[in-house]
Amino acid sequence: SPEMKSTGVAIGYDDSLTRALYKSLQASGMAIANYGTILVTLADRDKEAALPLIRRFYNLGFNIEATSGTADFLRKHGLRTRRLGKLSEGSNDIYSSISRGHVNYVINTIDLNQHNTRLDGYEIRRAAVENNVTIFTSLETVRVLLDVLEEITLGISTIDADYDM
């Protein structure tokens, strides 16, 4: 059934749930990329829940970029991840990656009790919006996107010498 996640609503109808989801994502104006790079920065409380989702992106052939804590967590769980410096640490890595068009999706969850993550999260989301990069703050919505991508995408494997384990 339809569920409102933000101020705008789009709905798609089809015989298949995944095709209906695909239509609703397109109707919402989302640029659906079935390959490329995701930028991930997660609150500590969300890391375990997000791991299978990030692994699904990885298995589809997406490159993974993440802030240091998230990158360390993903690497520990066997996902090749490029570490980007945090904005609060004075790094421009995230701005640079987003503004150069290297990022297709941003997944950003924050801990409202952590001042630095709130500020970094705000700046990351702002950079994404300013550069027309689709951003997710809800893991449930990421799950929906992955269901669509897995139905419309052939699995591939990536090779990138700049990504460390």
Side-chain angles (χ1 to χ4, degrees), residues 5 18 21-22 25-26 28 30-111 114 116-165:
K5 285 284 188 185
T18 308
L21 292 171
Y22 178 73
L25 292 173
Q26 281 189 311
S28 72
M30 179 186 297
I32 299 174
N34 57 0
Y35 63 89
T37 299
I38 63 169
L39 169 61
V40 186
T41 176
L42 301 166
D44 287 340
R45 70 171 188 279
D46 295 323
K47 287 179 179 161
E48 288 293 333
L51 180 61
L53 301 175
I54 306 308
R55 189 175 307 280
R56 288 169 69 186
F57 275 109
Y58 186 78
N59 290 338
L60 285 168
F62 279 83
N63 294 310
I64 313 295
E65 295 183 343
T67 51
S68 57
T70 301
D72 292 344
F73 175 81
L74 296 173
R75 287 175 177 180
K76 184 177 113 182
H77 288 88
L79 298 178
R80 293 177 63 149
T81 304
R82 180 172 179 241
R83 180 185 288 133
L84 302 179
K86 289 186 175 187
L87 301 170
S88 60
E89 298 167 346
S91 173
N92 277 336
D93 291 350
I94 292 170
Y95 283 128
S96 178
S97 192
I98 291 173
S99 66
R100 288 186 297 181
H102 293 176
V103 176
N104 301 91
Y105 301 113
V106 172
I107 301 170
N108 173 239
T109 66
I110 61 169
D111 182 347
Q114 298 267 320
N116 281 349
T117 62
R118 278 195 337 232
L119 291 176
D120 274 356
Y122 171 80
E123 292 297 329
I124 290 166
R125 291 188 302 277
R126 190 181 90 187
V129 168
E130 288 174 353
N131 290 279
N132 286 334
V133 175
T134 301
I135 184 160
F136 296 96
T137 58
S138 164
L139 297 179
E140 293 83 13
T141 311
V142 172
R143 190 171 292 113
V144 168
L145 172 67
L146 282 161
D147 290 344
V148 169
L149 292 176
E150 287 170 342
E151 182 157 319
I152 66 170
T153 305
L154 296 174
I156 60 170
S157 143
T158 61
I159 299 173
D160 191 331
D162 292 337
Y163 283 63
D164 301 325
M165 273 302 270

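In plain terms, the two heavy atoms of I98 and A127 that are nearest each other are CG2-O, 3.6 Å. Contact record, T81 with A66: CG2-CB, 3.8 Å, taken as the closest heavy-atom pair. In plain terms, the two heavy atoms of D93 and G85 that are nearest each other are OD2-N, 2.8 Å. Closest heavy-atom contact between S97 and V103: OG-CG2, 3.4 Å. A128 and V106 get closest at one heavy-atom pair: CB-CG2, 4.1 Å.
T41 places none of its side-chain heavy atoms less than 4.5 Å from the side chain of D120. Considering only heavy atoms from C-beta on, F73 comes within 4.5 Å of L51 through its side chain. The shortest side-chain heavy-atom distance between I54 and I38 falls under the 4.5 Å cut-off. A 4.5 Å side-chain heavy-atom check between L87 and Y95 finds at least one atom pair inside the cut-off. Looking at heavy atoms from C-beta onward, Y58 lies out of side-chain contact with L74 at the 4.5 angstrom threshold. Counting heavy atoms from C-beta on, the side chains of L60 and N34 never come closer than 4.5 Å. Residues R143 and L146 form no side-chain contact, since every pair of their non-hydrogen atoms from C-beta on lies 4.5 Å or further apart.
Between the side chain of T109 and the backbone N or O of A43, at least one donor-acceptor pair lies under 3.5 Å. Listed for the T141 side chain is no donor-acceptor partner under 3.5 Å among the backbone atoms of F136. Checked by atom type and distance alone, the side chain of Y105 never pairs as donor or acceptor with a backbone atom of V142 at under 3.5 Å. Side-chain atoms of R55 never come within 3.5 Å of backbone atoms of G78 as a donor-acceptor pair (strictly under, hydrogens ignored).
In this view, R126 and E123, E130 satisfy the salt bridge (charged side-chain N to carboxylate O under 4.0 Å, His left out) rule, not counting sequence neighbours. Listed by chain and residue number, D72 satisfy the salt bridge (charged side-chain N to carboxylate O under 4.0 Å, His left out) test with R83 (two or more places apart in sequence, or in another chain). Shown here are the side chain to side chain donor-acceptor pair (under 3.5 Å) partners of R45, two or more places apart in sequence or in another chain: there are none.
Side-chain atoms of S91 and E89 include no donor-acceptor pair closer than 3.5 Å.
Between atom CG of residue L79 and atom OG1 of residue T70 there is a gap of 12.0 Å, rounded to the nearest 0.5 Å. Note that the CG atom of D46 and the CG atom of L53 stand 10.5 Å from one another [nearest 0.5 Å]. One distance of note links OG1 of T37 with NE2 of H102; it measures 8.0 Å at 0.5 Å rounding. L39 CG to I135 CD1: the interatomic distance, rounded to the nearest 0.5 Å, is 8.5 Å.
Among the candidates N131, I94, V133, the single residue satisfying the side-chain contact (heavy atoms from CB on, under 4.5 Å) test with S99 is N131.
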Please report the C-alpha distance between L145 and F57 in whole Å, then the side-chain angles of each, then the deciding distance to 0.1 Å, and finally whether the side chain to side chain contact (heavy atoms under 4.5 Å, CB included) criterion is met. CA-CA 10 Å; L145 172 67; F57 275 109; 4.0 Å; yes

Given I32 and L149, is the side chain to side chain contact (heavy atoms under 4.5 Å, CB included) satisfied, shown in steps? CA-CA 8 Å; I32 299 174; L149 292 176; 3.8 Å; yes

